[in-house]
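A short worksheet on the structure shown next.
Atom set for the values below is all heavy atoms of this structure, side chains included, hydrogens, waters and symmetry mates excluded. Heads up: numbering here begins at 1 and tracks the sequence.
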Amino acid sequence: FDWIAWLDCDSIIMNMDRTLDSIIYQYAQRETNPGGSTATQPPPVCGAPASPPNISGEWLDSWVPPEMQEHAVVRIEQSADGRLSAIGPQFGEAAGALADALSFTLVFEGGPLEGRAVVDDNLGGAVRLEFENGAVWSRRDLEEARLPPCREPCLRPGNECAVELDPSVDLLVTEEGWGLSSANWMIRRSKWSLDFLHAALTAAHVELNLFGDQDAIILHIMNQQALRAATAFDDDVLSADPLDRHAAVVPQFELNSYDALNALTMDCDTFVEGDLLVTFPQCKDAEGCND
């Protein structure tokens with residue numbers, strides 16, 4: 001065997017057509033073009049959560065007279081991790097990053113400016129950038145804002161899907177109402193996995209016996225990175241993902257959909273037809289589960 005699935009006893013498998021292999025192949029794939037420009041990234045996977053809009057491309061500056069705009073085109077590059085660089089004859093160079101789904105910051109010679117991307121629903125991408133100082137940049141070519149067709153997810157290797165598993169991904173885990181979940185997860189057979197399980201069990205039952213298994217998992221796949229970030233001054237460390245690189249967080253509905261009542265009170269994913277399983281997190285005994 002290559003992978004092992006841990007499922008709590010309060011989880012009931014509901015979809016016999018959804019396989020564990022398909023979840024592994026979907027979420028433990030080797031990253032395509034890591035860190036590259038959004039212009040060279042593959043199209044998004046169908047059904048995946050919406051990504052921040054792509055604002056790479058050429059833009060016309062409203063503060064430049066109309067007859068001069070073609071001579072003062074602003075060019076923006078956006079990396080896969082949301083970093084931005086802009087160049088234009090009217091300001092030279094600027095750098096920044098996306099702040100959230102639509103907001104961004106660019107740092108010019110005179111200081112930072114916050115802006116907001118305006119998305120066209122028909123094209124799917126950003127067509128206008130509005131800055132806090134009143135400046136507006138408009139797409140030079142609206143076709144740049146048109147999103148490409150989505151890709152069907154790679155669920156298994158085959159001719160139509162040249163998927164390759166990432167050998168550095170050893171743990172697939174979900175989130176729930178209070179953090180990473182220890183209820184249902186999958187782990188790969190590897191040295192890292194053996195060391196992780198030993199360390200987590202030791203923390204939960206020997207070193208810190210007040211900790212539960214959930215606390216132990218969070219401790220050993222997030223704690224060191226979080227501590228480094230708390231004491232760091234380096235931008236690369238501060239912007240790094242605090243999750244251990246051997247772990248990947250998958251959407252909760254894939255492995256840990258909750259019953260409707262618990263999903264409502266904990267503000268997390270509820271079971272819908274087609275999900276692999278349903279979990280009853282408050283089910284402590286037979287009487288309680290039957291209620």
### Query
Do the side-chain N and O atoms of D269 and S257 include a donor-acceptor pair separated by under 3.5 angstrom?
no
### Message
The criterion is ring pair (Phe, Tyr, Trp, His ring centres under 6.0 Å); which residues satisfy it with F131, sequence neighbours excluded?
### Response
F104, W137
### Query
Is it true that atom CD of E67 has more than 12 heavy atoms of other residues, nucleotides or ligands lying nearer than 6.0 Å?
yes
### Task
Grab the two heavy atoms, one from V169 and one from A248, that are nearest each other, plus how far apart they are.
CG1-CB, 4.2 Å
### Message
Could you tell me if the side chain of I217 sits less than 4.5 Å from the side chain of F196, heavy atoms only?
### Response
yes
### Task
Hey, could you give me the CD1/NE2 distance between I221 and H246, rounded to the nearest 0.5 Å?
11.5 Å
#### Entry: Flag if over 12 foreign heavy atoms under 6.0 Å of CD, E93
no
#### Entry: ILVMFWY network linking L84 to I87, side-chain heavy atoms under 4.5 angstrom
no
#### Entry: Beyond-backbone contact of T270 with L264, side-chain heavy atoms, under 4.5 angstrom
no
### Gap between atom CG of L142 and atom CG of N122 - 0.5 Å precision
11.0 Å
### Message
Nearest 0.5 Å, please: how far is CG in D61 from CE in M68?
### Response
12.0 Å
### Task
Give me the other members of the hydrophobic cluster that L102 sits in, counting Ile, Leu, Val, Met, Phe, Trp and Tyr linked by side-chain heavy atoms under 4.5 Å, directly or via other members.
V119
### Query
Considering all heavy atoms of both residues, which atom of G57 and which atom of E144 are nearest to each other, and what is their separation?
CA-OE1, 3.4 Å
#### Entry: OG-CZ distance between S103 and R116, expressed to the nearest 0.5 angstrom
4.5 Å
